[in-house]
Amino acid sequence: MSQRQILVTSALPYANGHIHIGHLVEYLQTDIWVRFQKLRGHRCIYVCADDTHGTAIMIGAGQQGIDEETLIARMQKDHVDDFSGFGIEFDNYGSTNSPENRALCEEIWAAIRKAGLVVEKEVTQLFDAEAGTFLADRQVKGTCPKCGATDQYGDNCDKCGATYGPADLIDPRSAFTGTTPEVRTASHLFIEIERLHEFLAEWTCSDDHLQSEVANYLAGHFLHEPLRDWDVSRPAPYFGFEIPDSPGNYWYVWFDAPIGYMASTRQWCDRHGEQFDDWWRSDQTEIHHFLGKDITYFHTLFWPAMLKTAGFSLPTKVHIHGFLTVGGEKMSKSKGTFVRAATYLEHLDPSYLRYYYASKLNPRVDDIDLNLDEFITKINSDLVGKVVNLASRTAKFVEKTGLAIKYPDDGGLFQQAADEGQAIADAYEQCDYNRAMRRIMAIADRANQFVEHAQPWVLRKDPDKAQELQGICTIGLNLFRQIAVYLAPVLPRLAEQTSELLGKPIVDWDESQTPLVGTPVGKFKHMMTRVEKKQVDAMIEASMKTEDNGAAESAVPYSDSGQPLADDPLAEICSFDDFLKVDLRIARIVEAKDVPKADKLLQLTLSLGGDRRLNVFAGIKAGYQPEELVGRLVLCVANLAPRKMKFGLSEGMIVASGPGGKEIFLLSPDDGAQPGQRAH
RNA sequence: GGGCCCGUAGCUCAGCGGUGAGAGCAGGGGACUCAUAAUCCCUUGGUCGGUGGUUCGAAUCCUCCCGGGCCUACCA
């Protein structure tokens with residue numbers, strides 16, 4: 001097998017938030033792949049960095065009263081700690097706010113300029129003077145100029161479907177401060193990526209650079225029509241690198257972020273006396289990017305276009321994974337399933353998550369689900385019950401004698417498992433860890449059957465059978481070690497413990513091909529403890545309490561996030577008389593049923609006490625089951641003008657909060673309230 | 001509206017043109033006691049979402065339909 005030279009990256013985590021178990025899918029997927037390549041004897045380096053630029057960092061720093069450099073330095077430290085806690089080993093972990101990155105941005109920019117791909121265009125944007133920043137379309141809300149619907153984003157109206165620019169909104173408000181933004185025109189620099197259309201159409205479909213579903217996605221969404229110019233500059237003030245030949249303009253964060261892969265490589269090269277061009281301008285080096293489906297197009301269209309234009313190597317493969325769900329649902333802060341890496345580490349062993357993710361990951365873009373009950377049984381039965389147990393049930397019988405000098409006849413078991421090595425390696429190579437784990441567990445099953453039938457605990461009682469006992473345990477421990485080698489990319493800690501027990505380090509995949517004989521056996525120590533449900537519960541409980549307020553760490557007891565208010569700023573002043581026009585009443589839901597043809601609606605019958613009933617269609621289907629609603633008290637707008645809907649007449653509204661989707665929270669009165677009472 | 005992915009045992013998934021459809025976990029029965037109540041043996045359980053087609057033969061390929069998820073809706 002010839003030695004490959006491989007450069008691997010994971011997407012750069014953004015410096016405005018902590019690492020959580022969703023991020024870890026990617027970093028663990030990548031780390032396992034890298035460890036696998038290294039174990040196979042390839043030259044492989046894994047680089048990453050914090051992504052530090054952009055408006056969000058600027059705003060975040062402002063809110064905390066610190067400068068951007070302080071914010072990103074703090075967050076970088078937290079990120080590095082989290083990664084190392086999970087055994088994720090980078091060869092270099094840099095920052096996009098580094099001199100190396102600036103230099104590379106300038107180099108690539110110069111090449112794009114030289115290729116004549118840059119054009120300048122005027123862009124009119126809203127500017128938040130209080131926050132000191134330009135606002136993206138989605139960072140502005142206001143009233144739709146077509147239909148008058150309130151609270152619409154700056155790009156289109158989801159009531160009437162009209163599209164417009166943020167400056168067209170009536171009464172626009174900044175999402176950050178709620179202030180009225182001013183209109184400013186600035187000139188932006190664009191890259192005419194369409195000029196590379198043909199190249200991209202070819203590249204995305206060839207040589208297995210992309211998973212087939214990703215290539216299809218690009219072909220159907222972007223490449224079927226001319227590519228739009230890419231706006232790569234932002235006017236000051238902006239936290240980032242100023243564009244040398246365009247003073248007052250900064251590179252958009254998505255321009256310099258992927259270049260961070262290169263900058264991180266350069267730092268590594270400088271530390272190791274390596275040539276940068278051997279990694280980024282060489283046919284001999286494979287480049288593998290791992291990233292989530294949300295940032296597909298930056299990495300499969302813009303990034304190859306930038307590399308191509310600047311004369312660097314193109315990615316060998318872009319590996320795109322799906323999102324993490326927990327218990328089949330999106331991670332939720334309120335349900336405690338939005339678990340930070342640091343919180344996880346306070347309660348559980350990182351090996352558990354490494355193995356669990358490995359057992360679920362496949363080469364497709366599918367989302368993967370973390371089912372907490374399955375998590376517990378999988379760890380306990382696979383890792384503790386099957387794998388570690390093999391060592392646990394044989395090692396102590398040979399503590400004194402060590403392994404046999406000659407490997408005994410095991411009926412072909414070791415050879416069979418050695419032969420599996422290639423299939424397991426292929427599965428790792430293709431990121432089909434699920435398949436690899438299944439094959440490895442099958443070896444563990446066969447090994448346990450062997451020990452069971454050989455009955456070392458019986459042999460132990462007969463001094464004449466000492467040699468046979470040693471032979472049995474030599475087989476058992478060798479099968480165990482073989483599994484530890486195959487699992488080493490996933491469970492590096494187990495590999496170390498195995499090395500310690502048997503006195504021989506596991507540094508090469510080929511250790512799985514030859515049995516170990518004649519070495520001493522150390523005293524067996526537990527290698528992994530069982531997971532208890534209460535540990536998992538405690539983690540969820542703790543996550544529920546953890547305020548994830550981005551980078552903001554507050555000492556205030558109720559450190560509620562400012563995000564909801566920022567997303568939806570306060571409305572204008574309303575007079576008391578105006579308020580009284582709205583007749584809010586306590587109501588009891590006496591009937592609730594699904595509206596089969598509606599995506600969002602449930603049909604409710606509200607009782608205001610006595611015989612008074614209201615028929616209401618409420619857009620809460622995603623958050624509530626009809627049966628759980630019947631009987632509960634809610635707050636309703638009882639005098640709302642009836643509205644004729646496709647499904648019938650709606651005679652009021654019930655009051656709820658939340659951003660929408662599944663996150664809808666109905667209001668309930670305290671005990672004692674009665675239907676029909678007015679709220680004011 | 002468009003696109004992509006998925007729908008196989010209670011759960012998580014494998015099989016993706018060819019002997020009677022599989023694994024792990026869960027459930028039931030038994031064995032063992034070396035081991036972290038681990039392990040081993042036996043066992044229950046499935047009209048492979050539905051329909052139509054291609055084929056000597058389909059869970060596996062194609063049509064349509066139903067259901068779930070994600071991404072989009074002129075926006076990167």
Side-chain angles (χ1 to χ4, degrees), chain A residues 136-138 153-156 158 161 163 165 190-191 193 211-232 252-254 292-298 301-302 320-323 325 327-330 356 359-362 364-398 427 432 434-442 444-461 469 472-473 476 480 524-532:
Chain A
D137 294 355
R138 287 255 152 180
Y153 284 117
D155 48 0
N156 65 53
D158 56 34
T163 58
F190 291 76
I191 295 177
I193 192 176
Q211 290 128 297
S212 58
E213 63 256 53
V214 176
N216 290 342
Y217 161 76
L218 294 172
H221 274 274
F222 301 103
L223 295 167
H224 71 290
E225 59 181 7
L227 295 161
R228 279 163 236 286
D229 296 346
W230 183 31
D231 183 354
V232 288
Y252 173 48
V253 55
W254 267 109
K293 62 185 182 184
D294 52 330
I295 53 176
T296 295
Y297 107 129
F298 292 105
L301 296 177
F302 295 148
I320 297 174
H321 61 80
F323 295 147
T325 55
E329 295 177 355
K330 264 186 169 170
Y356 184 80
S359 78
K360 305 292 276 191
L361 280 165
N362 61 42
R364 275 168 280 137
V365 189
D366 303 350
D367 290 349
I368 71 166
D369 186 49
L370 167 57
N371 177 299
L372 295 170
D373 292 324
E374 189 198 19
F375 174 82
I376 295 169
T377 59
K378 223 176 184 62
I379 300 308
N380 288 345
S381 79
D382 288 3
L383 292 185
V384 182
K386 281 180 191 169
V387 176
V388 172
N389 187 227
L390 263 177
S392 176
R393 66 194 308 202
T394 50
K396 74 177 204 179
F397 297 139
V398 283
D432 202 348
N434 161 275
R435 178 197 297 265
M437 295 308 108
R438 269 185 292 113
R439 299 193 94 117
I440 295 168
M441 287 310 135
D445 283 338
R446 290 195 293 270
N448 273 306
Q449 286 163 26
F450 169 80
V451 174
E452 192 72 22
H453 293 133
Q455 304 191 338
W457 55 93
V458 174
L459 299 175
R460 175 182 62 150
K461 291 172 184 160
L469 174 65
I472 296 302
C473 294
F480 166 70
F524 181 79
K525 289 179 276 196
H526 277 191
M527 295 175 166
M528 205 175 283
T529 53
R530 302 174 67 72
V531 195
E532 302 286 340

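We name chains A, B, ... by the order of the sequence lines, and we start the count at 1 in each one.
For RNA chain B, each stem of at least three Watson-Crick or G-U pairs (distances under 3.5 Å) is given as range with range: B:1-7 with B:66-72, B:10-13 with B:22-25, B:27-31 with B:39-43.
In terms of modelled atom types and a separation under 3.5 Å, the side chain of A:N362 and the main chain of A:D432 share no donor-acceptor contact.
By the side-chain hydrogen bond (donor to acceptor under 3.5 Å, both in side chains) test, A:K386 is found to be paired with A:D445, residues two or more places apart in sequence or in another chain being considered. Contacts of A:R530 classified as side chain to side chain contact (heavy atoms under 4.5 Å, CB included), with partners at least two apart in sequence or in another chain: A:N380, A:V384.
For the C1' atom pair drawn from B:U55 and B:C61, the interatomic distance equals 10 Å after rounding to whole Å. Going from the P atom of B:A35 to that of B:U43 covers 30 Å, rounded to whole Å. Atom P of B:G53 sits at a distance of 22 Å from the matching atom of B:G18, rounded to the whole Å. Using C1' as the reference atom, B:A58 and B:G50 are 16 Å apart when rounded to the nearest Å. Going from the P atom of B:G24 to that of B:C64 covers 38 Å, rounded to whole Å. B:U47 and B:G20: their C1' atoms are spaced 16 Å apart (whole Å). Distance noted for atom C1' between B:U44 and B:G29: 10 Å (whole Å). Separation of the C1' atoms belonging to B:G7 and B:A14 is 15 Å when rounded to the nearest angstrom.
Note on A:R228: every side-chain N or O is 4.0 Å or more away from OP1 and OP2 of B:C74. Considering only side-chain N and O atoms, A:R438 lies nowhere under 4.0 angstrom from the phosphate OP1 or OP2 of B:G22. A sub-4.0 Å separation between OP1 or OP2 of B:C32 and a side-chain N or O of A:Q455 is absent. Put simply, A:K396 has a side-chain N or O that comes within less than 4.0 Å of OP1 or OP2 on B:A35.
B:A37 atom P lies 13 Å from atom CZ of A:R393, rounded to whole Å.
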